[in-house]
Amino acid sequence: MAAGPIKRFLLRLPGFEGACLRLTRDRERVLMYHRFTDDAAAEPDATPADRFARQLDLLQARCQVVGPAALVDQEEGRRPRSRRPLAVVTVDDGYADFERVAFPVLRERGLPAVLFVTTGFVAGRSWMWWDKVHFALARAGTAEAAVTVAGRTVRGPLRTRAERGAFWFRLVPALRFVPDERKEEVIADLAGQLGVTLPAAPPAEFAASTWDGIAAMARAGIVMGAHTRTHPILSRVDGERARQEIEGSRDDLAGQLGEPVRWFAYPQGGPADYDDETVAIVAGAGFDRAWVAYADPALGDHPYRRPRHMVPADLDEFRWSVCGAEHLVLRLKAALGRPTGVSDGYWTGSDLAAALNAEGKEESA
Ligand SMILES: [Zn+2]
């Protein structure tokens, strides 16, 4: 989405960005990327190399780009306070496109970044559940499908690419609010209806990096963090499974790299995607810091609920976020008693959560 006229006007005022940067100097910018692409036209939601390069150059001009250890050292007084805000580039999941498209851009500039690795994905034992939905829909052998999620039927025609896309956008957010086993059942049900066999390992378009690739990038300055083994939504699995996923990914990664893993990011990372029990497991697993996938002043300074900023494709929106104006607006809203949470659509899915509660009542009756 392009920046609105007020944002564009303010960003063009001489001194506006500089003032925002000074006012938010102590606030780190942790940017969150997911997919990268060689073909921006075919994959509009992924970041192409040229845009990533422009964003990094803009970020470097305003902030000091560091790894997470420097962030913690400054926070804990072991490092002199930087004159410019510190910024950390993070990338989630471990898709091969990071290694192919984004890593060379970082290396050219000598910049660090954190890669949060889903270790079962890299090991070839699992692939991402939303990619399975995408894969099944793209190969649909039927004109429509209907699956039940949280007491609701998601039904739709699947004849065109647009119809399949619309179905994906209704089903995938809904699946975040059901127990993990139910999510897998729904995906299997959908694939069955569509006559599609899901391979055990991800096909090329959804492939992960290899362990060799991860090790090579680690040697070249990419900091590796854990991101569970199979990327379940941790608030939708029981405590024991959550512990296995979190500690398992830490151990897999430490075993491959031969060094302790200090950093963690919650899969999906929205407010409903982890809970207090998840945070306690992460804290107990010996990580130094853990990141969520949204920025809200209400998160405070909790070491295991560090904020991150989604990276907007639009360069003005990117400047707005990086200069700190976005954070200042949130602080202003907080001061005025207005909501500052990521309370819209995807992240809280309030309507879907209500549907889930309704289903819970049915089950307990
Ligand atoms: Zn993820």
Side-chain angles (χ1 to χ4, degrees), residues 30-37 43 45-47 52 68 88-99 101-103 113-135 168-169 172-173 175-177 180 183-184 187 201-202 205-209 213-214 217 222-237 241-242 244-250 252-253 261 263-275 278-279 281-282 285 287 289-295 304-311 342 346-349:
V30 182
L31 308 185
M32 175 177 56
Y33 288 90
H34 286 92
R35 300 295 308 263
F36 295 90
T37 182
E43 297 176 275
D45 297 331
T47 305
F52 188 49
V88 179
V89 174
T90 71
V91 181
D92 286 11
D93 299 335
Y95 282 102
D97 55 43
F98 169 72
E99 188 176 344
V101 178
F103 172 57
V114 186
L115 181 65
F116 289 111
V117 181
T118 310
T119 58
F121 182 40
V122 170
R125 286 194 299 267
S126 67
W127 51 306
M128 299 305 192
W129 59 271
W130 58 87
D131 290 340
K132 290 179 185 174
V133 176
H134 192 96
F135 179 90
W168 190 96
F169 273 106
V172 165
L175 286 175
R176 292 168 54 237
F177 292 91
D180 195 67
K183 181 182 80 191
E184 296 298 331
I187 294 169
E205 61 185 308
F206 305 118
S209 276
I214 297 286
M217 290 192 285
I222 302 299
V223 178
M224 298 298 165
H227 195 46
T228 72
R229 280 185 158 151
T230 69
H231 210 283
I233 290 170
L234 290 167
S235 57
R236 309 291 172 219
V237 298
R241 166 92 191 279
Q244 286 170 11
E245 288 279 350
I246 293 163
E247 296 182 359
S249 66
R250 174 201 65 191
D252 293 345
L253 203 49
V261 176
W263 323 105
F264 183 81
Y266 301 93
Q268 226 81 19
D273 300 324
Y274 67 99
D275 55 27
T278 322
V279 173
I281 295 168
V282 168
F287 295 105
R289 291 290 185 278
W291 281 270
V292 300
Y294 55 101
Y304 301 106
R305 285 187 161 120
R306 305 303 307 168
R308 288 195 290 169
H309 298 268
M310 295 219 209
V311 177
V342 270
Y346 182 81
W347 290 104
T348 56

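Small disclaimer: the values here were computed from a predicted structure and weren't measured. Atoms within each ligand, like the ligands themselves, are counted from 1 in listed order.
Using modelled atom types and a 3.5 Å distance limit, the side chains of Thr278 and Asp275 yield a donor-acceptor pair.
Once rounded to the nearest 0.5 Å, the distance linking CZ of Arg236 with CG of Asp273 reads 7.0 Å. With rounding to the nearest 0.5 angstrom, the CE atom of Met224 is 5.0 Å from the CG atom of Leu115.
Judged by a 6.0 Å distance limit and a 45° cone about the ring axis, Arg35 is positioned over the six-membered ring of Tyr95.
Counting only protein N, O or S atoms, 3 lie closer than 2.8 Å to the Zn ion (ligand 1).
The side chain to side chain donor-acceptor pair (under 3.5 Å) check on Lys183 picks up Asp180, with sequence neighbours excluded.
Few gaps surround NE2 on His34; more than 12 heavy atoms of other groups in view lie less than 6.0 Å from it.
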